Amino acid sequence: MPWWSKHSSKDEKKKSSKESIIDAFNRKLGFGSEDKSSCRSRKSRRRRDEIVSQRGAISRLPSRSPSPSTRVSRCQSFAARSPAVPLPRPALRTAVTRIDSGSQRPGSNASLPLPKPHGGASNVPDSSGAEADFTTASVSSGSSVGDNPSDSILSPLASDCENGNRTALNISSRDQPIHSNKNSAEMFKPVPNLSNKNRRPLGTHVKNLQIPKRDLVLCSAPDSLLSSPSRSPMRSFVPDQVSNHGLLIGKPYPDVSLLGSGQCSSPGSGYNSGNNSIGGDMSTQLFWPQSRCSPECSPVPSPRMTSPGPSSRIQSGAVTPLHPRAGGSTTGSPTRRLDDNKQQSHRLPLPPLLISNTFPLSPTYSAATSPSVPRSPARAEATVSPGSRWKKGRLLGMGSFGHVYLGFNSESGEMCAMKEVTLCSDDAKSRESAQQLGQEIAVLSRLRHPNIVQYYGSETVDDKLYIYLEYVSGGSIYKLLQEYGQFGENAIRNYTQQILSGLAYLHAKNTVHRDIKGANILVDPHGRVKVADFGMAKHITAQSGPLSFKGSPYWMAPEVIQNSSGSNLAVDIWSLGCTVLEMATTKPPWSQYEGVPAMFKIGNSKDLPDIPNHLSEEGKDFVRKCLQRNPANRPTAAQLLEHAFVRNVMPLERPLVSAESAESMNVVASSTMRSLDIGHARSLPLDSEDTSNYQQKGLKPGLGFSTSQSPRNMSCPISPVGSPIFHSHSPHISGRRSPSPISSPHVLSGSSTPLTAGGGAIPFHHQRQTTINLLQEGIGSSRSPGSAGNFYTNSYFQEPRQPRSSPRTPPHVFWDNNGSIQPGYNWNKDNQPVLSDHVSQQLLSEHLKLKSLNLRPGFSTPPGSTNRGP
Ligand SMILES: Nc1ncnc2c1ncn2[C@@H]1O[C@H](COP(=O)(O)OP(=O)(O)OP(=O)(O)O)[C@@H](O)[C@H]1O
């Protein structure tokens with residue numbers, strides 16, 4: 001039998017299995033039976049077509065594709081040839097094989113050898129790597145997926161599968177005698193230098209750890225950058241490069257390698273794609289073959305994604321023209337095929353103009369009612385499906401479930417995050433994983449909170465599931481930590497408060513997240529925090545048993561490791577405490593230990609992690625309360641919201657200042673300055689209570705924070721607009737969504753102001769905001785109404801770029817005492833802009849005035865100022 005015939009029958013079998021998985025998934029999502037049956041009939045028709053096609057028959061189905069392009073596909077190649085003549089392997093056969101590697105059958109002669117693990121004790125044999133991976137996936141997932149108590153005997157070591165550490169773990173089962181190859185002192189020895197070469201297999205047997213009844217678990221990380229040939233750009237990364245990779249994809253910890261067993265997801269493992277989690281992530285291992293199936297495993301988006309080449313949707317969706325599913329099944333037109341295979345599970349998001357008023361899943365919305373009409377075949381290729389108006393963009397990150405891309409709706413201009421999961425495993429466990437994904441969707445679709453990433457909808461297209469989520473562009477806390485280092489206390493308080501706010505909401509719905517950690521907390525440019533990744537979330541009912549072994553080891557609560565029953569929701573509180581430490585130090589607690597010892601520390605010792613000294617007493621107390629070993633002693637999220645550490649948290653975001661409101665602000669600000677005998681103002685907009693509040697709390701009213709701060713309000717996406725000045729005097733601002741991209745670290749830190757932020761050009765409205773805040777901080781000056789906003793910005797921020805000879809209008813002007821406009825700049829002999837003398841003098845004199853008033857940045861009004869206006 002020619003090789004392609006064998007392949008064909010296998011493909012057929014695989015497709016049938018896969019489709020049943022997808023069917024099951026759609027059943028899970030409540031896809032209608034009518035639709036299902038019609039879908040099935042379409043599918044069976046398609047399968048017939050595929051069979052014919054794959055046998056080399058010429059497709060008789062006329063293309064309904066509007067595309068003038070002809071798809072290049074294997075079946076079409078076959079069609080053009082005599083079926084009796086064995087075809088040479090396609091030029092891209094290797095790529096195809098790699099794509100299929102996850103689902104390769106043993107013996108596939110095209111299999112690529114898998115890279116050997118670094119120091120792994122039991123490398124997966126190259127020749128059967130794919131199979132071994134499958135085995136692993138099956139084993140580990142079998143131990144982890146599911147929430148019944150029996151599931152919880154999963155060994156944490158199995159999480160190696162997520163870590164990219166292809167390591168053999170010799171783990172004794174729970175009912176075997178517990179002994180250790182190392183004494184505990186050795187085991188707890190911190191790892192000074194965690195590097196790849198230090199990786200070693202662990203044969204340790206850890207008391208009380210949940211251990212599967214398997215003697216040997218070959219954990220293979222499907223997402224491993226080291227092991228996946230599909231992720232070629234990352235494979236060659238050395239550890240320090242992995243750090244960059246981590247940043248690139250917004251995933252795990254490059255700074256601490258998972259050593260030895262690698263069984264626990266190391267917070268430092270940069271070799272995974274962010275799969276620091278155990279449990280839910282096992283489904284990834286079920287899906288990982290698909291992950292590897294996809295040419296988009298590469299973190300660098302394939303040019304195919306955007307190229308207007310053949311097999312457009314598949315390109316956009318990620319499959320090369322030679323992908324068996326692409327080529328082999330594209331007997332009909334692409335359009336038809338998409339229609340046949342697209343199974344919408346949830347309605348798709350609204351365009352921006354509507355989304356503000358209507359929930360994406362509302363009955364008033366239907367994806368079908370506003371189909372995206374591609375303008376050209378090339379553009380159509382970027383869409384996920386004809387019915388979907390979302391076009392897949394760049395890769396945002398990789399998780400254990402799949403890849404997350406930026407989605408763009410070119411009709412509406414809206415963006416979203418598209419989580420793409422391939423459902424193409426033959427493994428029976430993939431059903432379970434699909435079920436879990438369905439569970440994630442089910443959980444997310446019921447949530448609507450400003451601190452929880454919003455679910456828009458989902459759909460399945462062919463063998464891919466797309467989950468559409470609110471796009472949070474700032475990346476994860478983890479990524480920010482890696483890029484910018486540890487957070488200041490104010491940021492920690494703020495983020496913690498927002499996470500708590502989301503958790504309080506979640507817990508009120510009796511839902512536990514189970515994977516709270518920096519990598520799963522996203523931040524937008526305004527400093528708004530969104531809890532993401534609900535792959536492990538679970539709705540807790542009265543019947544729920546103890547939580548199964550799920551989570552990310554370093555953030556995992558002791559009771560989860562010990563498999564003891566406890567108050568389930570409290571596991572998130574423990575993880576939150578770890579996340580606070582992570583924000584304060586860039587690493588989670590016990591990250592100096594290897595995975596298993598770290599888990600032992602968490603689960604079996606009485607030790608508490610080190611709390612950094614630089615954290616305030618309130619912060620330390622907050623962490624201690626979260627890290628109570630007895631879950632019953634941990635406060636609830638709602639209670640913690642009242643903790644001093646977060647109660648008076650200051651929002652990071654700045655208020656929106658519209659042109660109109662900015663004008664009124666300037667008036668107010670000007671008045672403020674006059675009241676301070678700066679300029680001619682006489683009134684002060686702050687009332688005494690506000691002022692005293694600030695003084696009591698040592699807060700800076702000028703940072704845009706409200707005196708009547710409601711922690712719960714702050715996280716509202718409708719900007720609460722913190723400043724008391726703005727609240728009381730600027731109704732324009734109140735309740736507006738702040739688009740301000742400024743959440744200036746300069747101001748937040750209090751160490752510097754935008755004045756010192758360099759001479760970069762800042763959009764005018766930002767300058768105004770900046771100035772307003774400066775004014776609130778009591779260091780601004782105004783020459784006349786409306787001038788305050790320009791004074792400092794003119795002087796310090798914007799230097800005109802034009803050469804003197806170029807015709808220009810003075811970019812900014814100053815106001816003199818009479819309201820006359822004065823040029824803001826002079827030019828020195830070097831043709832450099834300089835401040836007008838009078839401006840410099842004014843600045844100096846007013847600085848002296850401020851000093852004489854004992855003012856300093858951060859205080860709008862001196863204590864007990866007698867300069868209050870009427
Ligand atoms: N809504 C979003 N907006 C922007 N980026 C996102 C969004 N969701 C996810 N990402 C990016 O994609 C990465 C992977 O996403 P996510 O963690 O949800 O996937 P996962 O498969 O569930 O991962 P995990 O391994 O943590 O379970 C994130 O680290 C983040 O960088």
Side-chain angles (χ1 to χ4, degrees), residues 247-251 274 296 299 301 305-306 316-318 346-361 365 367 372 382-385 388-399 401-421 440-441 444-445 447-459 464-480 483 495 498-499 502 518-535 652-653 715-719 737-741 743:
L247 298 180
L248 177 67
I249 61 174
K251 273 296 180 181
E296 291 183 3
M305 286 166 53
T306 51
S316 68
H346 281 100
R347 286 167 178 159
L348 297 178
L350 289 172
L353 293 180
L354 299 175
I355 206 163
S356 57
N357 298 321
T358 317
F359 184 58
L361 301 177
Y365 172 73
S372 172
T383 57
V384 171
S385 77
S388 171
R389 292 150 306 134
W390 293 105
K391 297 180 178 179
K392 193 162 78 174
R394 67 183 167 89
L395 185 72
L396 295 175
M398 292 188 289
F401 279 110
H403 299 78
V404 180
Y405 296 91
L406 182 65
F408 183 68
N409 184 330
S410 57
E411 298 300 317
S412 66
E414 190 185 21
M415 294 180 186
C416 77
M418 300 168 55
K419 202 171 194 173
E420 181 189 80
V421 181
E440 178 181 6
I441 291 174
L444 260 180
S445 61
L447 305 177
R448 192 165 175 80
H449 187 272
N451 296 119
I452 291 176
V453 70
Q454 186 61 52
Y455 169 78
Y456 289 163
S458 62
E459 64 178 344
K464 285 188 166 44
L465 165 69
Y466 290 92
I467 303 176
Y468 301 98
L469 301 164
E470 173 185 11
Y471 172 49
V472 189
S473 62
S476 68
I477 282 179
Y478 162 78
K479 184 186 135 197
L480 292 172
E483 272 186 57
Y495 287 6
Q498 294 186 61
I499 299 168
N520 286 336
I521 310 292
L522 304 177
V523 186
D524 81 0
H526 309 281
R528 283 184 289 248
V529 162
K530 314 268 180 181
V531 179
D533 193 359
F534 284 74
L652 299 177
E653 63 182 298
S715 55
C716 181
I718 303 301
S719 169
R737 188 184 185 94
S738 169
S740 167
S743 63

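This one's a predicted model, so the numbers in the text were calculated from it and none came from an experiment.
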Quiz item: Excluding sequence neighbours, so at least two apart, what forms side-chain contact (heavy atoms from CB on, under 4.5 Å) with V404?
Solution: L396, A417, K419
Exercise. Would you give the length of the straight line joining atom OG of S412 to atom CZ of R389, rounded to the nearest 0.5 angstrom?
Key: 6.5 Å
Exercise. Please determine which of H403, K464, K392 meets the side-chain hydrogen bond (donor to acceptor under 3.5 Å, both in side chains) test together with E420.
Key: K392
Practice problem: Taking N451 for its side chain and V529 for its backbone only, find out whether a donor-acceptor pair lies under 3.5 Å. | Solution: yes
Exercise. Please check if any side-chain donor atom of E414 sits under 3.5 Å from a side-chain acceptor atom of Y471, or the reverse.
Key: no
Quiz prompt | Nearest-0.5 Å distance, CD of residue E459 to CE of residue M418 | solution = 7.5 Å
Practice problem: Give, for atom CD1 of I521 and atom OG of S476, the distance between the pair rounded to the nearest 0.5 Å. | Solution: 9.0 Å
Quiz item: Which of these passes side chain to side chain contact (heavy atoms under 4.5 Å, CB included) with W390: Y468, Y466, Y405?
Solution: Y468
Practice problem: Using modelled atom types only, decide if a donor and an acceptor are shared between the side chain of Q498 and the backbone of G527 within a distance under 3.5 Å. | Solution: yes
Quiz item: What are the two closest non-hydrogen atoms of G413 and F408, and how far apart are they?
Solution: O-CE1, 3.3 Å
Exercise. Ignoring hydrogens and angles, tell me if any N or O in the side chain of K530 forms a donor-acceptor pair with the backbone of P450 under 3.5 Å.
Key: yes
Self-check item: Close side-chain approach of Y455 to I467, heavy-atom, < 4.5 Å
Solution: yes
Exercise. Find the distance between OG (S473) and CG (D524) and round it off to the nearest 0.5 Å.
Key: 6.5 Å
Quiz item: Is Y495 close to I477 at the side-chain level, that is, under 4.5 Å between some pair of heavy atoms?
Solution: yes
Self-check item: Heavy-atom side-chain proximity of E470 to I452 below 4.5 angstrom
Solution: no
Exercise. Measure the spacing between CD1 of I441 and CZ of F534 and express it to the nearest 0.5 Å.
Key: 13.5 Å
Quiz item: Given side chains that start at C-beta, do those of L465 and S458 come closer than 4.5 Å, heavy atoms only?
Solution: yes
Exercise. Work out which heavy atom in I499 is nearest to a heavy atom in V531; give both atom names and the distance.
Key: CG2-CG2, 4.3 Å
